[in-house]
Chemist: 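There's a structure below that I have some questions on.
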There are 2 protein chains.
Amino acid sequence: MNFKHLYYFWMAARTGGMIRAGQRIHITPQTLSGQIKVLEARLGCQLFERAGRNVQLTEAGHVAAGYAEEIFLLGEELEGALKNYAKASRNDDMRARSVATARAD
Amino acid sequence: MNFKHLYYFWMAARTGGMIRAGQRIHITPQTLSGQIKVLEARLGCQLFERAGRNVQLTEAGHVAAGYAEEIFLLGEELEGALKNYAKASRNDDMRARSVATARAD
DNA sequence: TTATGTTACGCTTGACGTAAACATA
DNA sequence: TATGTTTACGTCAAGCGTAACATAA
């Protein structure tokens with residue numbers, strides 16, 4: 001499972017298109033289209049289908065988008081949770097001096 | 001959040017060492033050590049600390065490992081869930097013939 | 001001695017990302 | 001005119017091999 005590809009897919013699904021997704025995460029539509037194709041090939045099923053000049057999620061795509069949502073929200077939570085520890089370990093002296101004072105910062 | 005780095009960290013945490021983790025996922029210990037260091041730098045906190053000739057999780061490391069566990073289990077679930085759809089889209093004829101018969105397969 | 005982890009260096013490879021052209025609505 | 005796709009191409013980070021070093025059983 002390539003999580004970078006999954007992220008591209010998720011952004012495309014959320015924004016409803018390659019161009020809008022690309023603007024949001026600063027990636028060109030060609031790249032998004034290509035990388036999502038790679039993801040589809042690895043998973044063995046189609047996630048998007050053309051709908052006029054736009055794309056829309058297939059049934060499998062909806063399932064994948066749901067999981068992706070959970071996964072990337074957890075990723076954000078992880079980063080948020082570790083920010084507390086990040087302060088404490090900014091330099092090693094702090095731990096030696098006192099754990100309590102690190103909190104005052 | 002680089003999920004590849006997180007995966008390396010998670011494997012090292014699960015197996016309790018760089019060498020064991022490396023054997024399991026076919027990555028050299030140098031690479032694991034280095035890539036995990038990159039992860040720590042990005043997160044801004046230490047995840048492992050030396051414990052004798054081995055490494056062990058810091059408090060932050062335990063938190064991160066918990067999230068990583070959830071994330072990668074979800075990833076596996078996702079792949080499993082899409083295997084059903086994978087059959088259906090193996091060739092496009094099936095959809096044209098019938099959605100119901102695809103299930104019997 | 002032996003086992004583990006860390007750091008460093010040069011090198012190769014594959015994934016990433018772009019630009020340009022194309023297809024379609 | 002706006003969107004998505006395909007192709008060809010350059011770039012860069014990932015990972016390896018090798019080696020040296022530190023630490024601890």
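The figures here come from the full heavy-atom set of this structure, side chains too, leaving out hydrogens, waters and symmetry mates. In the text below, chain A, chain B and the rest are named by the order of the sequence lines, each starting its count at 1. Please read these numbers as outputs of a predicted model, since none were measured by experiment.
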Chemist: Is a side-chain N or O of B:His62 found less than 3.5 angstrom from the main chain of B:Thr58, in a donor-acceptor match?
Modeler: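 Yes; at least one donor-acceptor contact below 3.5 Å.
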
Chemist: Quick check: does any side chain N or O of B:Asn84 sit under 3.5 Å from a backbone N or O of B:Ala81, one acting as donor and the other as acceptor?
Modeler: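 Checking the backbone N and O of B:Ala81 against the side chain of B:Asn84, a donor-acceptor pair under 3.5 Å is found.
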
Chemist: Short question: side chain of B:Glu40, backbone of B:Gln46 - any donor-acceptor pair under 3.5 Å?
Modeler: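 Side chain of B:Glu40 to backbone of B:Gln46, a donor-acceptor pair under 3.5 Å: no, none is there.
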
Chemist: Among C:dT6, C:dT2, C:dG17, which nucleotide has an atom closest to any side-chain atom of B:Ser33?
Modeler: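 Selected nucleotide (nearest to the side chain): C:dT6.
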
Chemist: Between A:Arg20 and A:Gly16, is there a donor-acceptor pair closer than 3.5 Å when you use the side chain of the first and the backbone of the second?
Modeler: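 Checked: pair present.
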
Chemist: Once you apply a heavy-atom cut-off of 4.0 Å, does A:Thr28 come out as touching a base, just sugar-phosphate, or nothing?
Modeler: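 Here A:Thr28 touches the bases of the nucleic acid.
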
Chemist: Separation of A:Lys4 atom NZ from C:dA15 atom P, in whole Å?
Modeler: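 These atoms are roughly 12 Å apart.
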
Chemist: Could you state the atom-to-atom distance from CZ of B:Arg50 to P of C:dT7 in whole Å?
Modeler: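 After rounding, the reported distance stands at 9 Å.
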
Chemist: Between B:Met1 and A:Leu73, is there a shared hydrophobic cluster once you connect ILVMFWY residues whose side-chain heavy atoms come closer than 4.5 Å?
Modeler: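 They do not share one cluster, since no chain of ILVMFWY contacts under 4.5 Å joins B:Met1 to A:Leu73.
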
Chemist: Give me the bend of the helix from C:dT1-D:dA25 to C:dA25-D:dT1, using the axes of the five pairs at each end, rounded to 10°.
Modeler: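 The value is 40°.
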
Chemist: Please report the distance, rounded to the nearest Å, between CD in A:Gln23 and P in C:dG17.
Modeler: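 Taking CD of A:Gln23 and P of C:dG17, I get 17 Å after rounding.
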
Chemist: Can you work out whether A:Thr31 or A:Asn54 has the more 5'-proximal nearest nucleotide on DNA chain D?
Modeler: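 Nearer the 5' end of the strand: A:Asn54.
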
Chemist: What integer distance in Å separates A:Ile36:CD1 from C:dC16:C1'?
Modeler: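 Computing the A:Ile36:CD1 to C:dC16:C1' distance gives 14 Å.
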
Chemist: Has B:Thr15 got a side-chain atom pairing as donor or acceptor with B:Met11's backbone, closer than 3.5 angstrom?
Modeler: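 Here the side-chain-to-backbone pair exists.
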
Chemist: Closest approach of A:Ile25 and A:Tyr8, non-hydrogen atoms and distance?
Modeler: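 So the minimum-distance heavy-atom pair works out to CD1-CD2, 3.8 Å.
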
Chemist: In whole angstroms, how far is the P atom of C:dC16 from the CG atom of A:Leu39?
Modeler: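 A:Leu39 atom CG is separated from C:dC16 atom P by 11 Å.
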
Chemist: Can you measure A:Leu32 atom CG to C:dC16 atom C1' for me and round it to whole angstrom units?
Modeler: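 Taking atom C1' of C:dC16 as the reference, CG of A:Leu32 is at 12 Å.
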
Chemist: Starting at atom CZ of B:Arg53, determine the distance to atom C1' of C:dT1, rounded to an integer number of angstrom.
Modeler: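 Computing the B:Arg53:CZ to C:dT1:C1' distance gives 10 Å.
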
Chemist: More than 12 foreign heavy atoms under 6.0 Å from CD of B:Glu79: is that the case here?
Modeler: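 Yes, because the 6.0 Å sphere around CD of B:Glu79 holds more than 12 heavy atoms from other groups.
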
Chemist: Just say parallel, tilted or perpendicular for the rings of A:Tyr7 and A:Phe72, cut-offs at 30° and 60°.
Modeler: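 Perpendicular: the ring planes of A:Tyr7 and A:Phe72 meet at over 60°.
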
Chemist: Side chain of A:Gln30, base of C:dA19: donor and acceptor closer than 3.5 Å?
Modeler: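 Check passes, donor-acceptor contact within cut-off.
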
Chemist: Atom CD1 of A:Ile19 to atom P of C:dA25: distance rounded to whole Å?
Modeler: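 From A:Ile19 CD1 to C:dA25 P: 16 Å.
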
Chemist: Walking along DNA chain D from 5' to 3', note the first and the last nucleotide with an atom under 4.0 Å from a heavy atom of chain A, and give both.
Modeler: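 Nucleotide range in contact with chain A: D:dA2 to D:dT6.
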
Chemist: For A:Tyr8 and C:dG17, is the shortest distance between a side-chain N/O and OP1 or OP2 below 4.0 Å?
Modeler: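 For A:Tyr8, the contact criterion (side-chain N or O under 4.0 Å from OP1 or OP2 of C:dG17) is met.
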
Chemist: So what does A:Gly17 touch, heavy atoms closer than 4.0 Å: a base, only the sugar-phosphate, or nothing?
Modeler: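 Answer is sugar-phosphate: A:Gly17 comes under 4.0 Å of backbone atoms only.
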
